[in-house]
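Everything below concerns the one structure shown next.
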Amino acid sequence: PSAQSLKPLGKNFRMAGLQPVQFEAWQESALSLNAEILTSKNNEEAARQEYRKNIGNNLPTVSAIANWNQQNSFYISTINQSASTSTVGVQASWPIFNGGQSLGQVTQSYALYEKAKADLDVVRTRVLTELRKQYDTVMSSQQRVAALQRAVDSATELTKAMRKSILAGERINMDAL
């Protein structure tokens with residue numbers, strides 16, 4: 001296509017502006033609604049909970065226990081004899097050593113948690129960098145379109161003035177070219 005085949009912008013053409021105009025509002029929206037950031041936040045939370053779970057596996061536990069048992073005998077020597085037993089108590093356990101497995105799990109889960117935090121920071125930085133780039137492109141494009149429209153208007157007025165000068169005899173046709 002040539003320049004002559006392009007249709008000019010209409011007189012009432014106006015670029016739609018950004019709503020909202022402030023970058024901070026777009027930044028807040030991106031940080032709270034971007035799918036990549038939300039996924040990274042969830043991955044970080046899952047890694048944090050796994051780390052806390054592995055720490056909890058090394059802590060002592062206390063359990064309340066209760067048991068009740070009733071037994072009826074049907075042997076010839078003990079017909080219709082029954083015995084009931086019940087026990088109630090508290091049980092405590094503390095994992096002292098399990099071959100280093102617990103410490104290894106804690107160390108590994110902490111490293112994965114730190115990696116998830118770093119990944120979240122990388123995703124945030126990448127999303128905000130791309131947002132800034134796109135925001136600046138839109139803002140400068142609006143200004144560029146407005147400047148080009150003013151240049152077209154100025155050139156149109158200059159052409160009109162040149163034609164009037166030719167008609168008045170102050171200029172020749174060669175000046176218009």
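Sequence positions, counted from 1, serve as the residue numbers for this chain. Because the structure is predicted, anything quoted here is derived from the model rather than measured.
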[X] vs [Y] side-chain heavy atoms within contact, under 4.5 Å:
{"X": "Val90", "Y": "Val62", "answer": "yes"}
{"X": "Thr156", "Y": "Val152", "answer": "yes"}
{"X": "Glu50", "Y": "Asn54", "answer": "yes"}

Does [X] use its side chain to pair, donor to acceptor, with the backbone of [Y] at less than 3.5 Å?
{"X": "Asn34", "Y": "Ala30", "value": "no"}
{"X": "Trp26", "Y": "Pro20", "value": "yes"}
{"X": "Tyr135", "Y": "Val21", "value": "yes"}
{"X": "Ser109", "Y": "Gln105", "value": "yes"}
{"X": "Ser140", "Y": "Thr137", "value": "yes"}
{"X": "Thr159", "Y": "Ala155", "value": "yes"}

According to a hydrophobic-cluster definition based on side-chain heavy atoms being under 4.5 Å apart (Ile, Leu, Val, Met, Phe, Trp, Tyr only), do [X] and [Y] belong together?
{"X": "Leu38", "Y": "Leu120", "answer": "no"}
{"X": "Ile37", "Y": "Phe23", "answer": "yes"}
{"X": "Leu128", "Y": "Val122", "answer": "no"}

Discussion item. Checking Asn57 against Ser102: is there a side-chain donor and acceptor pair closer than 3.5 Å?
Written reply: no
> Distance only, no hydrogens: is a donor on one side chain within 3.5 Å (strictly under) of an acceptor on the other, for Asp119 and Ser40?
Replying inline: no
**Mutual orientation of the aromatic rings belonging to Tyr110 and Tyr51 [parallel < 30°, tilted 30-60°, perpendicular > 60°]** = tilted
Test: [X] and [Y] ion pair at under 4.0 Å:
{"X": "Glu36", "Y": "Arg126", "answer": "yes"}
{"X": "Glu44", "Y": "Lys41", "answer": "no"}
{"X": "Asp136", "Y": "Arg132", "answer": "yes"}

For Ala116 and Asn43 the tightest heavy-atom approach is CB-O, 4.1 Å
Might you confirm whether atom CD of Glu28 has over 12 heavy atoms from other residues, nucleotides or ligands at distances under 6.0 Å? no
Value for CD (Gln101) from CD (Gln108), rounded to nearest 0.5 Å, stands at 10.5 Å
Between the OG atom in Ser141 and the CD atom in Gln134, the distance rounded to the nearest 0.5 Å is 9.5 Å
